[in-house]
There are 2 protein chains.
Amino acid sequence: MFSIGELSRRTKVKVPTIRYYEEMGLLAEAERTSGNQRRYDKAGLERLSFIRHARDLGFSIEAILSLIELQDHPDRSCETATDIAVSQLADVREKIKRLKLLEKELKRISDGCDGHGVSENCYVLASLADHELCEREH
Amino acid sequence: MFSIGELSRRTKVKVPTIRYYEEMGLLAEAERTSGNQRRYDKAGLERLSFIRHARDLGFSIEAILSLIELQDHPDRSCETATDIAVSQLADVREKIKRLKLLEKELKRISDGCDGHGVSENCYVLASLADHELCEREH
DNA sequence: CTTGAACCTCTAGTCACTAGAGATTGTAGA
DNA sequence: TCTACAATCTCTAGTGACTAGAGGTTCAAG
Ligand SMILES: [Zn+2]
Ligand SMILES: [Zn+2]
Ligand SMILES: [Zn+2]
Ligand SMILES: [Zn+2]
């Protein structure tokens, strides 16, 4: 059994975040000492590691809630899990796509001015004022 | 002179968002009719277009505030503008980098299970539980 | 038994909006 | 001119995933 601080150290999840996960229902309510402090065991540690890893991969709290629900029922079909993963992958790909468009335009904009001029003639400001200068939609 | 709704239509910025930008100091306080409704002119339209374009490119409200400040002083050095653009580009590149790592892992995870199995044996759930299965840091 | 780090709960703040309530105004048709 | 009613107004609260801080209590080492 270890304290919330110890759990935090082992998982690299900050203490208030652990409490937040508990409040959100991701972590079961921990056992308490007679003085009301949380105590965790190996199961708690594993669950928090799971949550942390999923968050690192960009899954939302809501998605993780479903995933955990599934994990708690080893006999259920895992279809939902794959669905969630596939949709997360699609999300990430969408984001990459969008960011690449932004990168192109931002590179053009940044390269357009060395910062030694005056606001009035600045290509950065002109570009922001006029989307027509952009090479594509973004 | 046109109403906030008309401005919204022309810029594709929602009405409450326009009011929000005003509150944040991005838009000057609009003139009002005798009945207290906002009225805008060409200058207001152009400024909102600028803001909208900058937001579409991912600049923060705070950054846009600086950019507008600069735009209002045509004689100042534009160094800040380039700095902001360069740092925004760096941000975007960082995000792309990170998302590409996520994409790799998520693809592996998604591909690892067709969803026809049972939760207990699901590669998706196993992967989330164990970062060791990941090919790289992410 | 004392000290002080760690813990507790609760509230509020972050960012860039978005939603809704309840009241007022603008405008077009009768 | 009157009447609908869409559009506008202000204000408050909610979103997601935390983070910060206040003010009080508990744990564990010495
Ligand atoms: Zn410049
Ligand atoms: Zn553009
Ligand atoms: Zn599966
Ligand atoms: Zn991993």
Side-chain angles (χ1 to χ4, degrees), chain A residues 1-27 29-40 44 47-48 50-68 84 87-88 91-92 95 98-99 102, chain B residues 1-27 29-40 44 47-48 50-68 84 87-88 91-92 95 98-99 102:
Chain A
M1 296 298 254
F2 35 88
S3 70
I4 197 169
E6 181 62 24
L7 185 63
S8 170
R9 243 163 282 127
R10 295 199 198 189
T11 56
K12 318 280 171 205
V13 177
K14 287 179 191 155
V15 169
T17 305
I18 297 174
R19 290 197 276 249
Y20 170 74
Y21 288 160
E22 182 184 308
E23 201 183 304
M24 292 298 100
L26 290 180
L27 281 171
E29 291 193 16
E31 282 179 56
R32 302 285 184 128
T33 63
S34 58
N36 201 35
Q37 298 195 358
R38 290 169 179 82
R39 284 298 113 101
Y40 297 89
R47 165 142 302 180
L48 184 53
F50 181 96
I51 295 167
R52 154 96 208 220
H53 194 215
R55 286 292 302 127
D56 282 348
L57 287 164
F59 290 89
S60 71
I61 299 281
E62 204 194 341
I64 299 173
L65 222 41
S66 303
L67 260 7
I68 280 176
I84 289 173
S87 123
Q88 175 62 15
D91 262 31
V92 166
K95 278 187 182 139
R98 190 172 164 254
L99 287 173
L102 294 197
Chain B
M1 298 298 255
F2 36 87
S3 70
I4 197 169
E6 181 63 23
L7 185 64
S8 170
R9 245 164 278 125
R10 295 199 197 188
T11 56
K12 315 283 174 205
V13 176
K14 286 178 192 156
V15 169
T17 306
I18 297 174
R19 291 198 275 249
Y20 170 73
Y21 287 159
E22 181 184 307
E23 201 180 303
M24 292 300 99
L26 291 179
L27 282 171
E29 291 193 15
E31 282 178 56
R32 302 285 185 129
T33 63
S34 57
N36 200 35
Q37 297 194 359
R38 291 169 180 82
R39 285 297 112 95
Y40 297 90
R47 166 143 300 182
L48 184 53
F50 181 96
I51 295 167
R52 155 95 210 220
H53 194 215
R55 285 294 300 129
D56 282 349
L57 287 164
F59 290 89
S60 71
I61 299 282
E62 205 195 341
I64 299 173
L65 222 40
S66 303
L67 292 169
I68 281 176
I84 289 172
S87 123
Q88 175 62 16
D91 261 31
V92 166
K95 277 186 183 141
R98 188 171 167 255
L99 287 173
L102 293 197

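Lettering follows sequence order; numbering is per chain, from 1. Quick note: numbers below take in every heavy atom, side chains included, and nothing from hydrogens, waters or symmetry partners.
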Pull out every protein N or O sitting under 3.5 Å from an N or O of nucleotides 1-3 of chain D, one pair per line with the distance.
none

Which one, C:dC17, C:dT9, C:dG26, comes nearest to the side chain of B:Tyr20?
-> C:dC17

Does a nitrogen or oxygen in the side chain of [X] sit under 4.0 Å from OP1 or OP2 of [N]?
X       : N      : answer
A:Tyr21 : D:dC18 : yes
A:Lys14 : D:dT19 : yes
A:Arg38 : C:dC8  : yes
A:Arg19 : C:dC8  : yes
A:Ser34 : D:dT26 : no
A:Arg52 : D:dC18 : no
B:Arg32 : D:dT10 : yes

How many Å lie between [atom1] on [X] and [atom2] on [N], as a whole number?
X       : N      : atom1 : atom2 : answer
B:Glu22 : D:dT10 : CD    : C1'   : 12 Å
B:Gln37 : C:dA23 : CD    : P     : 17 Å
A:Glu29 : C:dT9  : CD    : P     : 10 Å
B:Glu23 : C:dC17 : CD    : C1'   : 11 Å

Among all residues two or more places apart in sequence or in another chain, which pass the side chain to side chain donor-acceptor pair (under 3.5 Å) test with A:Asn36?
-> A:Arg32

For DNA chain C, the residues among residues 54-66 of chain A that have a non-hydrogen atom under 4.0 Å from it | none

Heavy-atom nearest pair, A:Gly5 first then A:Val15, reads CA-CG2, 4.1 Å

Atom CG of B:Leu26 and atom CD1 of B:Ile18: how far apart are they, to the nearest 0.5 Å?
->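 Here the interatomic distance stands at 12.0 Å.
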
DNA chain C: 5'-proximal contact among A:Ser3 and B:Asn36 (nearest heavy atom) | A:Ser3

